[in-house]
Amino acid sequence: MKITKIETTRVRAHANLLWVEIHTDEGLVGLGETFRGAEAVEAYIHSIIAPMLLGQEALNVERHNRTLLRGYLGFNGSGVETRACSAIDIALWDLLGKALKKPVWQLLGGLCHDKMRAYNTCAGVNFNSQGEQRRTLSQGEQRPVGRYDDQVAFLECPDELAQSLIDEGFSAMKIWPVDSFAAASNGQYISSSDIKKAIAPFKKIREAVGDKIDVMCEFHSLWNTTAALAISRELRQYDIFWAEDPIKMDSPQGLADYRRLSGIPVCGSETLATMSNFRDCLAADALDYVMLDLSWCGGITEAKKIAALAEAYQKPIAPHDCTGPVVLMASLHLGLSCNNAIFQEVVRAYLADFYGNLVDTLPVVENGYLLPPTGHGLGTSLSDKLRSRADATTRTSVHA
């Protein structure tokens, strides 16, 4: 089965998302996705990757991943090269599943879990849109309110938010109320009074629902170790499930210091790419939970190696999703097939809003759990509505 065409699609309304479709001479098409810098990744795919892959055997997934991920550039970071490789790799696994008429989780070894526990990241529908990706929600700042604007809710009514999630069957949630306090000092210092203001939502959640829901704190790598520890000394009284990316995730030793002194388990990190970075953090005893983003770490091929590495260190994994529906599906396939997967992140605002306009099939969520996809490959395809949008841009590279 030869690769005959590589096609990319992006839309102005979700300008950070890029989809790639790999076509073959047998009529099968594999779908991949990545996030951030869509135009740059698009250019790299068509200028560098397409000449390497067109005309090649489509099902040599490991070989193609090695060629693209372990090249001269990009093999130790999550830049354009790695994001492009990730999208291609996800598409090749989708193709492999379609060729063999099996879901990807079956190809990865079958189900270790009959369903996967989900936690809700409390974002609103505009949280990761282009132009807002580096902004944080300030105290009292208003955003457009849709069916779910959980990002406003976790500041203004966190107790009601927690109860609404419990009512939908969720047993875990993630919020980031400390972020807006980092700008004043560029994450170098926070006063005791500001710490109390910042962590007030956690107090309200515990007073309202007790221990009926696990609560994670996302730090978005905005703080130095000293400030992050000051926050955590007050935060740990609320039984925080994990502190995610508490510092810039480029110092395994600094992260290990934080983990040892904070009294809160550490989760990291969607910002890390390739197995070597996770190896360094695990070897430094810096992580309790391994979070990986399949569209940034090197795709399914690299993700399954990272998961195996985490298992060797007796650490659970929790794949990231705050980006796009194809990566969510790919992550679910991976998690279902991994013994040490304990969570799949979801954003209920995305699932209820724009994800359904992008693909034809979304994961089934029942009482806070995601069910295994049943279709061949990833089990989803780009929506016809997406292809016909006026703001869609498609680019194609064809085998000569």
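Count residues from 1 along the sequence.
Other residues, nucleotides and ligands place more than 12 heavy atoms under 6.0 Å from the CG atom of Asp167. In this structure, Lys204 places its NZ atom where only 12 or fewer heavy-atom neighbours from other residues, nucleotides or ligands lie under 6.0 Å away. In the displayed structure, Asp211 atom CG is contacted under 6.0 Å by at most 12 heavy atoms of other residues, nucleotides or ligands. Taking a 6.0 Å sphere around CZ of Arg63, one finds it holds 12 or fewer heavy atoms contributed by other residues, nucleotides or ligands. Atom NZ of Lys305 sits in a crowded spot, with more than 12 heavy atoms from other residues, nucleotides or ligands closer than 6.0 Å.
Both Met1 and Leu96 sit in one connected hydrophobic cluster of ILVMFWY residues. Membership requires side-chain heavy atoms under 4.5 Å apart, directly or through other members. Under the 4.5 Å side-chain heavy-atom criterion for Ile, Leu, Val, Met, Phe, Trp and Tyr, Leu351 and Met329 are members of distinct hydrophobic clusters. Cluster membership check: Ile22 shares its hydrophobic cluster with Leu17, using side-chain heavy-atom separations under 4.5 Å among Ile, Leu, Val, Met, Phe, Trp and Tyr. Cluster annotation: Ile342 and Ile213 are assigned to distinct hydrophobic clusters (Ile/Leu/Val/Met/Phe/Trp/Tyr, side-chain heavy-atom contacts under 4.5 Å, transitive). Transitive grouping of hydrophobic side chains (ILVMFWY, heavy atoms separated by less than 4.5 Å) brings Leu100 and Leu59 into a common cluster.
Counting only N and O atoms by type, the side chains of Thr323 and Tyr350 include no donor and acceptor under 3.5 Å apart. Ser164 and Arg348 share a side-chain donor-acceptor pair at under 3.5 Å. In the model, Tyr313 has no side-chain atom that pairs as donor or acceptor with a side-chain atom of Asn340 under 3.5 Å. Side-chain contact annotation: Glu33 with Ser295, donor-acceptor N/O pair under 3.5 Å absent. Residues Asn339 and Glu311 bring a donor and an acceptor atom of their side chains to less than 3.5 Å of each other. With no hydrogens or angles considered, no side-chain donor-acceptor pair links Thr4 and His23 at under 3.5 Å. Between Asp257 and Gln253, the side chains place a donor N or O and an acceptor N or O closer than 3.5 Å (distance only, hydrogens not considered).
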When the side chains of residues 362-370 are checked against the rest of the protein, which donor-acceptor pairs come out under 3.5 Å, sequence neighbours left out?
none

Output a table of donor-acceptor pairs, distance under 3.5 Å, between side-chain atoms of residues 241-248 and any protein atom two or more places apart or on a different chain; print 'none' if there are none.
unit_1, atom_1, unit_2, atom_2, d
Trp242, NE1, Glu244, OE1, 3.2
Glu244, OE1, Lys174, NZ, 2.7
Glu244, OE2, Lys174, NZ, 3.2
Asp245, OD1, Ser269, OG, 3.1
Asp245, OD2, Ser269, OG, 2.9

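With a 4.5 Å cut-off on side-chain heavy atoms, Asp149 and Val125 do not count as touching. Side-chain contact between Met216 and Ile240 is absent, with no heavy atoms from C-beta onward closer than 4.5 Å. The shortest side-chain heavy-atom distance between Asn65 and Thr67 does not fall under the 4.5 Å cut-off. Side-chain contact between Phe343 and Met116 is absent, with no heavy atoms from C-beta onward closer than 4.5 Å. Within the 4.5 Å cutoff, the side chain of Arg206 has heavy atoms near those of the Val215 side chain. With contacts defined as side-chain heavy-atom distances shorter than 4.5 Å, the pair Cys297/Ile306 qualifies.
From Glu62, atom CD reaches atom CG of Asp89 across 8.5 Å, with rounding to the nearest 0.5 Å. Rounded to the nearest 0.5 Å, atoms SG (Cys267) and CG (Leu287) are 8.0 Å apart. Remark: Ile88 CD1 to Leu53 CG distance equals 6.0 Å, nearest 0.5 Å. Note that CG of Leu68 and CD1 of Ile49 are 5.0 Å apart. Values are rounded to the nearest 0.5 Å. One finds the NZ atom of Lys212 at 14.0 Å from the CD1 atom of Ile205 (value rounded to the nearest 0.5 Å). Atom CG in Leu292 sits 11.5 Å away from atom OG1 in Thr271 (nearest 0.5 Å).
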Item to check | Step-by-step side-chain contact (heavy atoms from CB on, under 4.5 Å) determination, Leu334 to Cys338 | outcome: CA-CA 6 Å; Leu334 175 78; Cys338 289; 3.9 Å; yes
Next on the checklist: Pair Asp194, Tyr189 - check side chain to side chain donor-acceptor pair (under 3.5 Å), show working.
Outcome noted: CA-CA 10 Å; Asp194 278 348; Tyr189 167 79; over 6 Å; no
Next on the checklist: With side-chain contact (heavy atoms from CB on, under 4.5 Å) as the criterion, how do Leu358 and Trp19 come out once you've worked through the C-alpha distance, each side chain's angles and the decisive distance to 0.1 Å?
Outcome noted: CA-CA 10 Å; Leu358 304 178; Trp19 298 277; 3.8 Å; yes
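Between Val61 and the options Ile300, Leu107, Thr301, a side-chain contact (heavy atoms from CB on, under 4.5 Å) holds for only Thr301. Looking at Leu328, Leu336, Ile317 one by one, the single match for side-chain contact (heavy atoms from CB on, under 4.5 Å) with Gln344 turns out to be Leu328. Of the listed residues (Glu270, Arg83, Glu345), just one forms a side-chain contact (heavy atoms from CB on, under 4.5 Å) with Asp293, and that residue is Glu270.
Between Arg395 and Glu39, no side-chain nitrogen of the basic residue sits less than 4.0 Å from a carboxylate oxygen of the acidic one, so the salt-bridge criterion is not met. Between Arg70 and Glu302 there is no salt bridge, since no side-chain N of the basic residue sits under 4.0 Å from a carboxylate O of the acidic one. Between Asp214 and Arg117 there is a salt bridge, since at least one side-chain N of the basic residue sits less than 4.0 Å from a carboxylate O of the acidic one.
Of the possible donor and acceptor atoms, one in the side chain of Asp94 sits under 3.5 Å from a partner among the backbone N and O of Leu31. Listed for the Lys98 side chain is a donor-acceptor partner under 3.5 Å among the backbone atoms of Val29.
Ring centroid separation for the pair Trp296 and His320 comes in under the 6.0 Å cut-off.
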